[in-house]
Amino acid sequence: LSAVSGVRLKFTGLHENYVVVVSCIILIVLFSLQHHGTHRVAFIFAPIVTAWLLCISSIGVYNIVRWNPSVINALSPVYMFKLLKTTGMAGWVSLGGVVLSITGVETMFADLGHFSACSIKIAFSFLVYPCLVLAYMGEAAFLSRHHEDIQRSFYKAIPEPVFWPVFIVATFAAVVGSQAVISATFSIISQCCALNCFPRVKIIHTSSEIYGQIYIPEVNWMLMCLCLAVTIGLRDTNMIGHAYGLAVTIVMFVTTCLMALVMIVVWRKRIITAVSFLLVFGSIELLYFSACLFKVPESGWIPLALSSFLMVVMYVWNYGTLKKQQFDIENKVSVDRIVTLGPSLGMVRVPGIGLLHTNLATGVPAVFGHFVTNLPAFHQILVIVCVKPVHVPYVTEEERFLVGRVGTKEYGMFRCIVRYGYKDLLQENYDFENRVVLELIRFVETEEEPSNGIMEEADSSTQMVENQNHEAHTLDHLQVMKLMDLNLGNLDTLCLKDESIKILSARESGVAYIVSHSYAKAKKSSSVVKKFAINILYAFLSKNCRGPDVALNVPHTSLLEVGMAYYV
């Protein structure tokens, strides 16, 4: 909107509605192209931003030289104190607008994962900061001679011969800036999902070559609707600036507080060092934040309302997820008890492999006991699969799977923990079934026979053996795939253990996914707030988010959902 509004200087009769319509069209096109990814056009982003910075700095130098060379004295901080001393309360409130001169830098916080801290320091110190200072000094020099042009000072300060080229570059720069925020939003939401802080959403990889370029349809369209609502509802760059300024100052202050925490907990700095850092930078940010609070009645309430809504969603989802995990831990069932009850229940084993999805890394989930007591039959090979997000960015493929045995060998039950970092993403074409079968065979082939014939398990009756401990007779991925394509009658000649042959035979019989479909309910003694949060909000989020079967690319013909209610 700020970029397109400059066209009204050349077409004075153009109504404001046309500017809004053009801005909305650009936004719709931008969001509609997100599913294609940015890898095809990303190479032009840096040249556009560089051209933009060089444009505004060159125009700034031109205005300084032409209108008021003495404006260079504004680099002295003395004038800042003189302004506050002279204007008093009005000068303090004006800081809410002054802070807009540095808005945009907060997007770099999200880019720290893509660039090194050193590269960002060099770019900001030797390119961004000098260009911005020259641009604002040039605009101040122009305003010192043209007080009446304060509303459109940026575009009016552009020399006539270069107006349209600068207008085009400004529009492209605005699109690139918007794209950076959209991409950062996708990345942050993806990481929040991995940390159980946001409902599961569909994540699509837009590039097969560049890792981390993703697209989230639900977030994309909701973000587009919000952007259009703000653009159409406010229609004024000053109003949007008030909302933007408040959002940025809050982001900066929260970042400073978290950085102080990191200095103490992670870097092990002295508390006095962290407190000094917090006081120096936090006091400056609080000064700007306090000035921005005066803009809350105008449009500053928008970021506060949106952030509060997202905070409630994230807190309710995280609370409900943790309570579900707590229920699973407290209601784990014993394999020995299930096997003991087998004859009385008429329990049978059916051909095939059953993959029981759970959030438990140890023990047997309650949903399995619920399943076999109502339908006393389960598969010849049962694998308890736990997809576990870990608090590291990435997990290598060699370290991804941990396989162990549950109970004795006669049970035919295994546990497979699949570990993902919070920046790892499940590929849509990932052959999960065959990878699990591969890891099972690797485990069986490399497993040492216990002396007493029973697999003793530490803590949870499960001994985890990492799949990277390969021995000479371990099969690689291609070999196992070939085995799966062969007739089982030929397997006896390939020196596999009987249990490995049994696993391959079960694989040919089919694979079924058993997924818990749990329903959380608040206890009758719970407060009204908790009942609303669990029975309505969390239930709505659980019903409409992506299920675990989608994350594992489970075919619908192989899916078996087991309903179960629990009270929190």
Side-chain angles (χ1 to χ4, degrees), residues 1-2 5 56-57 60 63-64 68 70-109 124-125 128-144 146-154 157 177 181 230 234 236-260 276-308:
L1 188 63
S2 60
S5 61
I56 60 176
S57 60
N63 286 319
I64 292 172
N68 189 357
S70 63
V71 77
I72 198 170
N73 294 326
L75 287 172
S76 172
V78 174
Y79 291 96
M80 176 179 64
F81 294 107
K82 285 185 176 180
L83 171 70
L84 295 176
K85 183 179 179 180
T86 304
T87 57
M89 184 72 173
W92 175 44
V93 174
S94 70
L95 292 178
V98 172
V99 75
L100 296 178
S101 63
I102 58 171
T103 53
V105 297
E106 79 285 347
T107 57
M108 297 306 295
F109 299 155
F124 265 66
S125 301
V128 178
Y129 177 70
C131 290
L132 289 178
V133 168
L134 290 173
Y136 283 116
M137 283 199 301
E139 197 169 341
F142 176 82
L143 284 172
S144 67
H146 306 82
H147 293 178
E148 71 282 356
D149 293 333
I150 192 168
Q151 290 298 326
R152 294 285 184 268
S153 58
F154 174 78
V181 178
V230 170
L234 297 182
D236 182 14
T237 54
N238 290 329
M239 296 284 285
I240 296 178
H242 295 159
Y244 191 34
L246 181 62
V248 170
T249 52
I250 293 176
V251 167
M252 291 181 174
F253 181 67
V254 170
T255 303
T256 301
C257 294
L258 294 177
M259 181 57 67
S276 301
F277 166 82
L278 183 61
L279 289 176
V280 172
F281 289 93
S283 58
I284 297 173
E285 290 157 355
L286 279 178
L287 179 65
Y288 284 108
F289 172 67
S290 61
C292 290
L293 287 178
F294 286 90
K295 310 298 183 182
V296 171
E298 299 177 28
S299 57
W301 60 270
I302 296 176
L304 294 178
L306 288 175
S307 58
S308 299

For Ala243, enumerate each residue passing the side chain to side chain contact (heavy atoms under 4.5 Å, CB included) test, keeping only those at least two apart in sequence or located in another chain.
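Ala243 satisfies side chain to side chain contact (heavy atoms under 4.5 Å, CB included) with Ser299, Pro303 once adjacent residues are dropped.
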Applying side chain to side chain donor-acceptor pair (under 3.5 Å), which residue pairs with at least one partner in residues 72-96 are found, sequence neighbours left out?
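Sorted pair list: Trp92-Ser290.
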Pair Met137, Leu75 - check side-chain contact (heavy atoms from CB on, under 4.5 Å), show working.
CA-CA 9 Å; Met137 283 199 301; Leu75 287 172; 4.1 Å; yes
So how far is it from [X] [atom1] to [Y] [atom2], rounded to the nearest 0.5 Å?
X: His242; Y: Thr237; atom1: NE2; atom2: OG1; result: 9.5 Å
X: Leu246; Y: Leu304; atom1: CG; atom2: CG; result: 5.0 Å
X: Leu95; Y: Phe289; atom1: CG; atom2: CZ; result: 14.0 Å
X: Leu258; Y: Phe253; atom1: CG; atom2: CZ; result: 10.0 Å
X: Asn63; Y: Leu134; atom1: CG; atom2: CG; result: 11.0 Å
X: Ser144; Y: Ile64; atom1: OG; atom2: CD1; result: 10.5 Å

Does atom CD1 (Ile150) have a neighbourhood of more than 12 heavy atoms from anything else shown, all under 6.0 Å?
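No, CD1 of Ile150 has 12 or fewer neighbouring heavy atoms, counting only those of other groups under 6.0 Å.
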Leu293 CG: over 12 foreign heavy atoms closer than 6.0 Å:
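Yes - once you tally the heavy atoms of other residues, nucleotides and ligands closer than 6.0 Å, there are more than 12.
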Under the side-chain contact (heavy atoms from CB on, under 4.5 Å) rule, what do Leu234 and Ile302 come out as? Steps first, then yes or no, please.
CA-CA 11 Å; Leu234 297 182; Ile302 296 176; 3.8 Å; yes
For [X] and [Y], which heavy atoms make the closest approach, and how far apart are they?
X: Ser101; Y: Val98; value: OG-O, 2.8 Å
X: Ala260; Y: Leu278; value: CB-CB, 4.3 Å
X: Gly96; Y: Cys292; value: CA-SG, 3.8 Å
X: Val99; Y: Gly245; value: CG1-CA, 4.2 Å
X: Ser153; Y: Leu143; value: CB-CD2, 3.6 Å

Assess whether side-chain contact (heavy atoms from CB on, under 4.5 Å) is satisfied between Glu139 and Phe142, documenting all intermediate values.
CA-CA 5 Å; Glu139 197 169 341; Phe142 176 82; 5.6 Å; no
Evaluation steps, side-chain contact (heavy atoms from CB on, under 4.5 Å), between Leu132 and Ile56
CA-CA 8 Å; Leu132 289 178; Ile56 60 176; 4.2 Å; yes
Donor-acceptor list for residues 279-287 side chains, cut-off 3.5 Å, not counting sequence neighbours:
| residue | atom | partner | partner atom | Å |
| --- | --- | --- | --- | --- |
| Ser283 | OG | Leu279 | O | 2.6 |
| Ser283 | OG | Val280 | O | 2.9 |
| Glu285 | OE1 | Thr256 | OG1 | 2.7 |
| Glu285 | OE2 | Thr256 | OG1 | 2.9 |

